[in-house]
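What follows is one structure encoded as structure tokens, with my remarks underneath.
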Amino acid sequence: MANSANTNPVPKLYRSVMEDVLNDVREVFLDDGVDEQVLMELKTLWENKLMQSKAVDGFHSEEQYLIQVQQQQQQQQQQQQHHHHHHHQQAQPQQTVQQQSQTQQVLIPASQQAAPPQVIVPESKLLQHMNPSSMSAAATAATLALPAGVTPVQQIITNSGQILQVVRTASGAQYILQPQQSVVLQQQVIPQMQPGGVQAPVIQQVLAPIPGGIPPPTGVIIQPQQILFTGNKTQVIPTTVAAPTAAQAQITATGQQQPQQQPTQPQAPLVLQVDGAGDTSSEEDEDEEEDYDDEEEDDKEKDGGEDGQVEEEPLNSEDDVSDEEGQELFDTENVVVCQYDKIHRSKNKWKFHLKDGIMNLNGRDYVFSKAIGDAEW
Amino acid sequence: MAYQLYRNTTLGNSLQESLDELIQGSLNTYRFCDNVWTFVLNDVEFREVTELIKVDKVKIVACDGKNTGSNTAE
């Protein structure tokens with residue numbers, strides 16, 4: 001956990017931009033007779049919004065960051081002293097994380113209330129020794145947020161023996177990249193955040209091998225808006241649907257049955273499964289969302305055509321490259337805002353030379369100082 | 001000032017890490033109006049040094065970068 005934020009430039013860049021802006025407006029504020037206190041409030045609100053958007057890895061409030069860095073160092077020192085070399089590679093990060101979660105509960109509650117949806121990322125990361133980049137800072141925060149949920153997550157991952165990669169997306173959705181093996185989606189509801197007493201609906205999906213061997217789509221997003229607790233089983237009612245149709249139906253079926261085992265459906269993932277009833281509301285929402293998206297795209301196509309095309313029914317628009325629900329992006333249209341150095345075209349081959357861009361892809365923010373692209377029209 | 005130092009680090013990192021980002025995909029639409037390019041690409045693969053991001057559809061809005069101070073808001 002040493003180099004937590006060195007590998008992702010985005011939070012740093014954003015932080016520097018924020019500082020610049022705040023410093024610049026400080027004078028204006030003072031000239032207008034606005035108190036410095038207001039500036040601090042602005043800064044806090046801005047940071048909280050960034051945290052909430054989850055578009056950036058690393059919550060990045062400077063104070064928290066510094067505190068965490070200090071605590072991490074302290075914890076690591078304590079860990080090395082306390083545990084000799086027991087499971088040197090795996091146990092240490094786990095225990096470090098757990099102890100961090102315990103000690104930092106006191107410090108974090110205020111900030112966590114501002115950003116209720118937290119994500120547990122570190123367990124999978126730490127266990128796999130994968131991808132230290134861009135997740136550790138967020139990982140620590142997430143661990144702190146959900147100390148009780150840490151243990152079950154670890155167990156599941158250990159038992160399945162799968163290598164998982166959990167990525168956060170905007171608006172509280174979690175998005176898990178599979179390995180290429182076929183896996184099953186499991187739901188696990190993590191109990192509310194205890195430190196601040198703030199209840200945050202968080203759902204984490206854990207992938208485990210399917211006996212049936214059906215390959216689900218490469219990524220699944222679930223936006224947990226509501227959670228119903230029914231004993232040990234949980235049932236998700238997403239107000240907005242993000243997951244692929246089949247996968248989600250599988251998820252709801254899973255949630256109703258047992259969170260650990262799921263009977264596989266023989267149908268292909270592309271078909272909307274009606275099984276697992278009881279989630280009528282979510283399916284209705286899903287259908288509505290699908291229609292809405294298709295209609296939107298059709299409208300765009302019509303405007304672009306302007307040839308008096310026959311009005312196509314939304315569902316029959318096969319000419320559209322309509323994005324299915326299960327294609328990793330739901331309501332996030334991926335946007336890149338940047339400047340261009342040179343845009344070049346030869347026949348139908350386009351070349352892009354871009355610079356200084358901010359991208360929002362799949363709900364996450366990226367930046368680049370220079371980008372080169374090729375495309376065919 | 002700590003902040004000044006911080007800025008240099010950010011710039012350095014962003015230059016190093018995002019220097020050569022390759023975009024590949026198929027162009028769906030292009031528009032050039034008021035010196036602003038707007039593209040819609042499909043099945044795009046953004047390749048960064050550290051990671052690979054694939055999206056089905058992306059809209060790129062680019063302002064003229066030849067003259068400084070031409071930033072786009074949205």
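Every heavy atom of this structure was used, including side-chain atoms; hydrogens, water molecules and symmetry mates were not. Numbered from 1 within each chain, the chains take letters A, B, ... in sequence-line order.
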Discussion item. Measuring from atom CH2 of W350(A) to atom OH of Y30(B), what distance do you get when rounded to the nearest 0.5 angstrom?
Written reply: 5.5 Å
Response to the item:
Separation between OG (S26(B)) and CD (E376(A)), nearest 0.5 Å, reads 8.5 Å
Practice prompt. State, yes or no, whether a side-chain contact exists between V336(A) and F46(B) at a heavy-atom distance under 4.5 Å.
Written response: yes
Discussion item. Is there a side-chain contact between E51(B) and Y366(A) in this structure, where contact means two heavy atoms from C-beta onward sitting under 4.5 Å apart?
Written reply: yes
Determine the minimum heavy-atom distance between [X] and [Y], stating which atoms define it.
X       : Y       : result
N362(A) : K54(B)  : ND2-O, 3.5 Å
E48(B)  : V367(A) : OE2-O, 4.3 Å
G65(B)  : Q339(A) : CA-OE1, 3.3 Å

[X] atom [atom1], over 12 foreign heavy atoms within 6.0 Å:
X      : atom1 : value
W46(A) : CH2   : yes
R31(B) : CZ    : no
E27(A) : CD    : no

Response to the item:
With sequence neighbours left out, the residues meeting side-chain contact (heavy atoms from CB on, under 4.5 Å) with K351(A) are H344(A), D374(A)
Fill in: Pick from N348(A), D356(A), V17(A), D341(A) with the largest number of heavy-atom pairs that fall under 4.5 Å of chain B
D341(A)
Discussion item. Students often mix this up, so state it plainly: with edges at 30° and 60°, are the rings of Y340(A) and W37(B) parallel, tilted or perpendicular?
Written reply: perpendicular
Fill in: Ring centre gap for F39(B) and F352(A) strictly below 6.0 Å
yes
